[in-house]
Structure formats: structure tokens, C-alpha cells
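Note: hydrogens, waters and symmetry copies are ignored here, and every other heavy atom, side chains too, is used. Throughout, protein chains are lettered first and strands after them, A, B, ... in sequence-line order, and every chain is numbered starting at 1. Just so it is clear, the structure is predicted and the values come from calculations on it, not from any experiment.
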Amino acid sequence: MRGARLGRWAAAVPMALLALATVYPLLFTGNVAMKTRRDYILDRFAPADSLNADNVVTAWTSVGMGRYFANSLIVVTASVVMLLLIGSMAGFALSRLRFRGSSVVFLGCLAALFVPFQVIMVPLARVMADSGLIDTYPGLVLAYVAQFLPFTVFLMTSYYATIPMEIVDAARIDGNTIYGVYRRIMLPLGAPALLSVGILDALFCWNDVLIALLMMPSAEHRTLMVGVTSLQGQYSDDIPTFGAGVLIAAVPVLMIYLFLQRQIADGVTAGSTKG
Amino acid sequence: MPTRSSSPPARPAAPERAGRAGARWRPPHAGTGTAAGRPSRAARSERLAPFVLVAPAVLILVFLRLYPLVLGVNFSFTGDGDRNGSPVGLDNYVYLFQDPLFRDALGNVGLLVLLLPVAVAIPGLLATFIYLRVPGHRLFRSVYFFPAVLSPVIVGAIFNLLLAYDGPANAVLGAFGLGPVDWLGDPAVAMITVVGVHVWATFGMALVVFLAGFATLNSSLLDAARVDGATLPQTIWHVIIPGLSRTIQFVFVTTMIGMLTSMFGLLYVMTSGGPGGATYLPEFYIWIQQGKMNRPALASAASTVLFLVMLVVGLAQIGLLRRSGRED
């Protein structure tokens, strides 16, 4: 027994070091973002003199991160709303209604989960260009919806499958149409799943760079992540401003993580336990 | 997620509504039409409802996922540039396998497959310790997970600072009298570095999945192993691995998919495929051919190859794990 306890402490030491290695890179970047260019060149490791937001302001205004931030916010919000609406409608129908072809649709969603974006990105760009959607907000939103819909439908279907059929039947007896059941029962009951899936979808869209690069080539349409990549080339001699730009892109995600960690973990594990 | 919660918000609504239900009562599923003699407009609308509900999802998947997939395979048998659109048979595929950059990309896929067991073992081992309640396990759990929510772009940008020649990583090595290492500039090191950063950024995901698997593990088996005096390696080998074979299988497949399809951001920010093509992966090759070289047909051929690679890797892994699972 004592040996086991000792073993646990022995494991805790490298794990604590790993935890440090997990946090340190972001702390280092945050520290760099507070420094002046001169301080950075003199000593990049020393703690910054003060909580200096000058670089963040510069990155937000003159570098254009504010604009990119707004672009990302618009696109991500629209994508997530569409994903949740379309995904929950399909999930309800696939899990709780019987109709011809439902298993084909569900298997199609499963199969689409395993077709990565890289496989379809070239022809998708062609389709978008042909329909005049390239370099437009709706185009990027549609691309995100198409990319993350299989995941959304899959999780909503498996969540709704746990809601007892009796509840649906009772609502039907009470005179609800199927649409009424969706609106009055399935949407409110699905709230925990919608939250988990919505957060994950939002993270996927917010963090994406490949789809955004492909669908939004022009500079004024850059999303935040594409903005960070362009920052890297332009500010390679001004690391503190670059660090501030990185921080602007990271902070919203870290906020979501701090407050909604559980929902994120729930979403990530939902697929695994279903097997 | 799906196990929690059953019904709360709907229950109160039901009795309140029941009062007026008498007038509008319909047998459940009357709307599906088969039982009703004369299909009214309402009944028809009910019968169509499931199709209306799935229609948006189906339309999007057919037009923006399935159609491009077919179109892409088609593209891959046509020409680029002068020969735009005309059929060229297997020329693109022949070119691909003669292109040193694409060969580098495939070679790096091989390296990823070799590193895969490590990328799965690290979160697996950490999850084991967290499950065994190492001091501070709650803290470790939430700290380890946090890089998983960061974009590869942000992770790459941060590590560009850390891995600079005179940056913190080499400073730490220097303290032990080692290095400095040219992390991203040395062709022999660069790919390992990028994979290492990818593992740093994603092991939290796998860790959470492992922990969810542990929650389903029969703890009396672990107690029995402890009573029998099994060492930790014995416990892992004989109790945990067989007990978690499905979780391990899931993590293997998702980790491989992650390595093959979500390292673009890192490559784009950290190395741009360099030095000298040392960090090319198929997805990066596709991007370069499509976005920079304007050779969509060649890029489509590379996409098709990537798809086949993923299919083979995924099926092989599932097969292997099935077999090893059955032995126990």
C-alpha cells in the first residue's frame, strides 16, 4: 500500500512537469506580447515591466486584427446557427421518426465523417467558384456547414435516441404536429447536446485555416486565423506585436475553455462511447 | 453526453396541455397516413414531415460533399493547363509518384504511422495515472486538455517563438549543456519537431476519450489485480488494455485521421513544407498544387491517393485491433 502511494507521487512529478510544459508556451507568448520591441531584443525571457496593452491595441487597430476578428465572428455565428438548426432537424427525424431512406441518410452521414476536407477541397472550390460563392460570406458559411454537418447530425441523432419515445408519443396525443414536437419538445430537450455540439462546431470553425484560405482569398475577407498567418510574414521583426496578434486570436477560445470545459469534453467523448 | 438527462423540461407542459387535448385528440402516428382512410391535407403534411426535416441536411451533403467527391475523382483523370479538361488517363498518378515532393509526403505518412503508437500511448498512460488518482489529477486533467482547443495556427505561431534558434527550447537544452538544435531548419529534425508539436496540441483530446473509456471499466477487476499483487505494468497489460480495447481502437483511428488531415495549419505556419520538402504531407501537397501552382487535376489525383491511404490505414488498424482484442 505504501509502495503504491509512493509510486503515485513518483508519477506526479513528471506529470507536473508536463503540465508546466503545457502552460508555459502560452505564458511565454503572453509575456512577449506585453514587452516593447527593445525589451524583447534585450531579454525575451524576463517578465514584462508592466501589463502593457500597447501591442494589443496596435495589433487590433493598425494591423487589422479587429477586422479579421469581426469576419470570424460573423462567419462562425452564422455557421453554428445553421449547423444546429439543420443538424437537430435531421437528428430528430433520423432517431425518432420512421421514413423510407432514413438508414441510407444516417449511413451517408457516417461515411462523410471519414472523408476529410482535403479530399474534396479542389472540386469544392470549383463548385463554389462556378456558383459565384467564392470569396463571399455565404460561401464560407456553406463550406463550414457542409464540413461539420455529418458530425453534428451524428451527435444529435445519438442524443435524441436517448429521449424516450413515450415523450414524443405523448406530445403527439396532445395534438402536436411533427413540427410542433420538434419545436416544443426536441429543441428544448436537446439543449445540453446542442450546447456541446455547438461549442465544438464553433471551435472547429473558429480554428480552421485551410477552408478559410481556400474560400476567402481576398485580404479584407480574412478570418482571424488567416490573419495570424499573414501577420507572421509582416511582423517577423516585431515579435511583440506578432505575439499580441496571436493572443487576440487565442483569448476567446481560452475563455470558452475556462467556462465550458465540461461541455467540450462531453462532445469529444460522445462519439467514442457510442462506438 | 447522451446518457445524462432524460426529460425534465417537457414533463410539466404535458398535463397543462392535456386539458384541451380532448377536442384535438388524434391517435399517435395518425399522421403517418397508413391508418387513416381519407388522407387529409394535415395528414399528408405529417407524412412528408420527416423528409422535410432531413431535406436541408441531405441537400447540403449531396451537393457539397458527395458531388465534389465524384467530381474530384473525375478531375484526377483529366489534364491541367494546356490539356485542361481533356482526358489523360493515369498521367496525373504517374506524375505524382515520380514527383520527389509527393514521395517525401508519402514517406512522411510512413513516419506518422510509425509514431502513431507513441502518440496513442502517451495520453493512454497519462489517463491511467489520472484514473489511479495521482496527486493533482484534477488539475492535470484540465491543464492537459487546454491546448486541444487552440487552433493549429496559434499553436504553430507560438512554437515558432519557442523553437527559435535562440528561443526558450534551446535555452533549456543549453542549461543541460546540450544543443542548440535547429528545430525547424534541419531536414532530419523538422518533421519530428512538427509531429511533436502536433502531439503536444492534441494529446488532451485522446486523454479525455481515454478517461471516458476508463469510466466504463469494471473497477472490481482492478481491485482484484491489486489484491493479487499485480505490478502497474502487469495491470496495464492484462487488465486495462483488454478492458479498453474499443476505446484504444477509437483513439488509434481518430489520432491517425488527425495526423493525416489536421496538420495543415502547423505546416503552413511553421515550415511551409520545408526545408527542402522535408515536412511535406499529402494535404500540404494538395494545397500547394491547387492554391499555388494552379494544377487542380494533379491536386485531385493527390486527394484521391490521400483518401485511399486513409481508407487502408483505417481498415488495417481496425482489423489489427479486432484480432488482438479477440485473443483475450
Chemist: As an exercise: rank A:Ala249, A:Ala90, A:Pro25, A:Gly101 by heavy-atom pairs under 4.5 Å with chain B and give me the winner.
Modeler: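 Counting heavy-atom pairs under 4.5 Å, the top option is A:Pro25.
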
Chemist: Taking all heavy atoms of B:Pro135 and all of B:Phe140, pick out the closest pair and write down the distance.
Modeler: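 It is O-CE1, 3.4 Å.
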
Chemist: Relative to the ring of A:Tyr160, is the ring of A:Phe92 parallel (under 30°), tilted (30 to 60°) or perpendicular (over 60°)?
Modeler: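 Aromatic pair A:Phe92/A:Tyr160 classed perpendicular.
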
Chemist: Does any heavy atom of chain A fall under 4.5 Å from the side chain of B:Ile286, the backbone, both, or neither of them?
Modeler: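 Both parts, heavy atoms under 4.5 Å.
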
Chemist: Could you tell me which portion of A:Val105 (side chain, backbone, both or neither) has an atom closer than 4.5 angstrom to a non-hydrogen atom of chain B?
Modeler: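 For A:Val105, the side chain is the part near chain B, not the backbone.
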
Chemist: What option among A:Val145, A:Leu214, A:Val153 has the most heavy-atom pairs under 4.5 Å with chain B?
Modeler: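 With the most close heavy-atom pairs to chain B, the winner is A:Leu214.
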
Chemist: Quick one: does A:Arg126's side chain get under 4.5 Å of B:Phe75's, heavy atoms only?
Modeler: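 Contact flag for A:Arg126/B:Phe75 side chains = yes.
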
Chemist: Over 60° means perpendicular and under 30° means parallel, so classify the ring planes of A:Tyr24 and A:Phe28, tilted if in between.
Modeler: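 Ring orientation of A:Phe28 relative to A:Tyr24: tilted.
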
Chemist: Side chain, backbone, both or neither: which part of B:Ala302 has a heavy atom under 4.5 Å from chain A?
Modeler: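 Contact with chain A is absent: no heavy atom of B:Ala302 under 4.5 Å.
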
Chemist: Using non-hydrogen atoms only, which part of A:Leu200 is less than 4.5 Å away from chain B: side chain, backbone, both, or neither?
Modeler: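 It is neither, since no heavy atom gets under 4.5 Å.
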
Chemist: Below 4.5 Å from any heavy atom of chain A, which atoms of B:Ala301 appear? Answer side chain, backbone, both or neither.
Modeler: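 Neither part; nothing is under 4.5 Å.
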
Chemist: Which atoms form the tightest heavy-atom contact between B:Ser300 and A:Pro123, and what is the distance?
Modeler: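 Closest approach of B:Ser300 to A:Pro123: OG-CD, 4.4 Å.
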
Chemist: Under a 4.5 Å cutoff for heavy-atom pairs, which residue among B:Leu232, B:Leu162, B:Leu71, B:Thr304 has the most contacts with chain A?
Modeler: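 Most pairs with chain A among the choices: B:Leu162.
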
Chemist: For A:Leu18, is it the side chain, the backbone, both, or neither that has a heavy atom closer than 4.5 Å to a heavy atom of chain B?
Modeler: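 When you check distances to chain B, atoms from both the backbone and side chain of A:Leu18 fall under 4.5 Å.
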
Chemist: Can you tell which part of A:Met121 gets under 4.5 Å to a heavy atom of chain B, answering side chain, backbone, both or neither?
Modeler: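 Looking at A:Met121, just its side chain touches chain B.
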
Chemist: So A:Phe99 and B:Phe51, would you call those rings parallel, tilted or perpendicular, with 30° and 60° as cut-offs?
Modeler: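 Perpendicular.
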
Chemist: Sort B:Trp200 into side chain, backbone, both or neither according to what part of it lies under 4.5 angstrom from a heavy atom of chain A.
Modeler: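 Contact with chain A: side chain only.
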
Chemist: Relative to chain B, which segment of A:Leu210 carries a heavy atom at a distance below 4.5 Å: side chain, backbone, both, or neither?
Modeler: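 When you check distances to chain B, atoms from both the backbone and side chain of A:Leu210 fall under 4.5 Å.
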
Chemist: Quick one: what part of B:Phe264 sits under 4.5 Å from any heavy atom of chain A, side chain, backbone, both or neither?
Modeler: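 Contact with chain A involves the side chain of B:Phe264 alone.
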
Chemist: Which answer fits B:Asn74, side chain, backbone, both or neither, if we ask what part of it has an atom under 4.5 Å from a heavy atom of chain A?
Modeler: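 For B:Asn74, there is no contact with chain A at all, as no heavy atom is under 4.5 Å.
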
Chemist: Chain A heavy atoms under 4.5 Å from B:Gln290: which part of the residue, side chain, backbone, both or neither?
Modeler: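 B:Gln290 touches chain A through side-chain heavy atoms alone.
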
Chemist: Output the option from B:Val73, B:Val251, B:Leu311, B:Leu126 having the highest count of non-hydrogen pairs under 4.5 Å with chain A.
Modeler: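 The option with the most such pairs is B:Leu126.
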
Chemist: With chain A, which of B:Pro147, B:Ala299, B:Ser142 has the greatest number of heavy-atom pairs at distances under 4.5 Å?
Modeler: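 Top count of heavy-atom pairs under 4.5 Å with chain A: B:Ser142.
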
Chemist: Please classify the contact between A:Phe117 and chain B as side chain, backbone, both or neither, with a heavy-atom cut-off of under 4.5 Å.
Modeler: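 No part of it gets close to chain B.
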
Chemist: So, for B:Thr261 and B:Glu283, which heavy atoms are closest and what is the spacing to 0.1 Å?
Modeler: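 Closest approach of B:Thr261 to B:Glu283, heavy atoms only: O-OE1, 3.3 Å.
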
Chemist: Heavy-atom distances under 4.5 Å only: say whether B:Val58 touches chain A with side chain, backbone, both or neither.
Modeler: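 Looking at B:Val58, just its side chain touches chain A.
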
Chemist: Under 4.5 Å from any heavy atom of chain A, what part of B:Met310 do you find: side chain, backbone, both or neither?
Modeler: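 Just its side chain gets close to chain A.
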
Chemist: Please classify the contact between A:Leu97 and chain B as side chain, backbone, both or neither, with a heavy-atom cut-off of under 4.5 Å.
Modeler: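 For A:Leu97, side-chain heavy atoms alone lie under 4.5 Å from chain B.
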
Chemist: Heavy-atom pairs under 4.5 Å with chain A are the metric here; pick the option from B:Val143, B:Ile60, B:Val54, B:Val149 that has the most.
Modeler: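 Option with the greatest count: B:Val149.
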
Chemist: I'd like to know if the side chain of A:Ser196 and the backbone of A:Gln263 have a donor-acceptor N/O pair within less than 3.5 Å.
Modeler: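 Yes; at least one donor-acceptor contact below 3.5 Å.
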
Chemist: Report which part of B:Phe307 has an atom under 4.5 Å of a heavy atom belonging to chain A: side chain, backbone, both, or neither.
Modeler: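 For B:Phe307, heavy atoms of backbone and side chain both lie under 4.5 Å from chain A.
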
Chemist: How about B:Phe63: does its CZ atom have over 12 heavy atoms from other parts shown lying under 6.0 Å from it?
Modeler: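 No, the 6.0 Å shell around CZ holds no more than 12 heavy atoms from other groups.
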
Chemist: Select, from B:Thr231, B:Val62, B:Val208, the one with the greatest count of heavy-atom pairs under 4.5 Å involving chain A.
Modeler: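 So the answer, after comparing B:Thr231, B:Val62, B:Val208, is B:Val208.
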
Chemist: Between A:Thr22, A:Ile120, A:Val115, which residue shows the highest count of heavy-atom pairs closer than 4.5 Å to chain B?
Modeler: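 Heavy-atom pairs under 4.5 Å are most numerous for A:Thr22.
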
Chemist: Are any non-hydrogen side-chain atoms of A:Phe242 and A:Gln232 less than 4.5 angstrom apart?
Modeler: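 Yes, at least one pair of side-chain atoms sits under 4.5 Å.
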
Chemist: So which of B:Leu306, B:Leu150, B:Val305, B:Val155 has the largest heavy-atom pair count under 4.5 angstrom toward chain A?
Modeler: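 Among the listed options, the one with the most contacts to chain A is B:Leu150.
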
Chemist: Would you mind checking which part of B:Phe159 comes under 4.5 Å of any heavy atom in chain A, side chain (CB onward), backbone (N, CA, C, O), both or neither?
Modeler: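 The side chain, not the backbone.
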
Chemist: Pick one of side chain, backbone, both or neither for A:Val23, based on which atoms fall under 4.5 Å of a heavy atom in chain B.
Modeler: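 For A:Val23, the contact with chain B is made by backbone and side chain together.
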
Chemist: With a 4.5 angstrom heavy-atom cut-off, which part of A:Ala161 approaches chain B: side chain, backbone, both or neither?
Modeler: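 Neither part.
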
Chemist: So which residue, A:Leu203, A:Leu124, A:Val32, ends up with the most heavy-atom pairs under 4.5 Å with chain B?
Modeler: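 Max contact count across the listed options: A:Leu124.
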
Chemist: Does any non-hydrogen side-chain atom of A:Pro192 lie less than 4.5 Å from one of A:Tyr159?
Modeler: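 A:Tyr159 reaches A:Pro192 side chain to side chain.
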
Chemist: Where does B:Phe145 contact chain A at under 4.5 Å (heavy atoms): side chain, backbone, both or neither?
Modeler: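 Contact with chain A involves both backbone and side-chain atoms of B:Phe145.
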
Chemist: B:Ile257 versus chain A, heavy atoms under 4.5 Å apart: side chain, backbone, both or neither?
Modeler: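 Looking at B:Ile257, just its side chain touches chain A.
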
Chemist: State, yes or no, whether a side-chain contact exists between B:Tyr285 and B:Leu298 at a heavy-atom distance under 4.5 Å.
Modeler: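 Result yes, sub-4.5 Å side-chain heavy-atom pair found.
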
Chemist: Could you tell me whether a side-chain N or O of B:Arg65 sits under 3.5 Å from a main-chain N or O of A:Gln147, the two making a donor and an acceptor?
Modeler: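 The answer is yes, because a donor-acceptor pair under 3.5 Å joins these two groups.
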
Chemist: Quick check on B:Arg141: does its CZ atom have over 12 non-hydrogen neighbours (other residues, nucleotides or ligands) under 6.0 Å away?
Modeler: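 No, because the 6.0 Å sphere around CZ of B:Arg141 holds 12 heavy atoms or fewer from other groups.
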
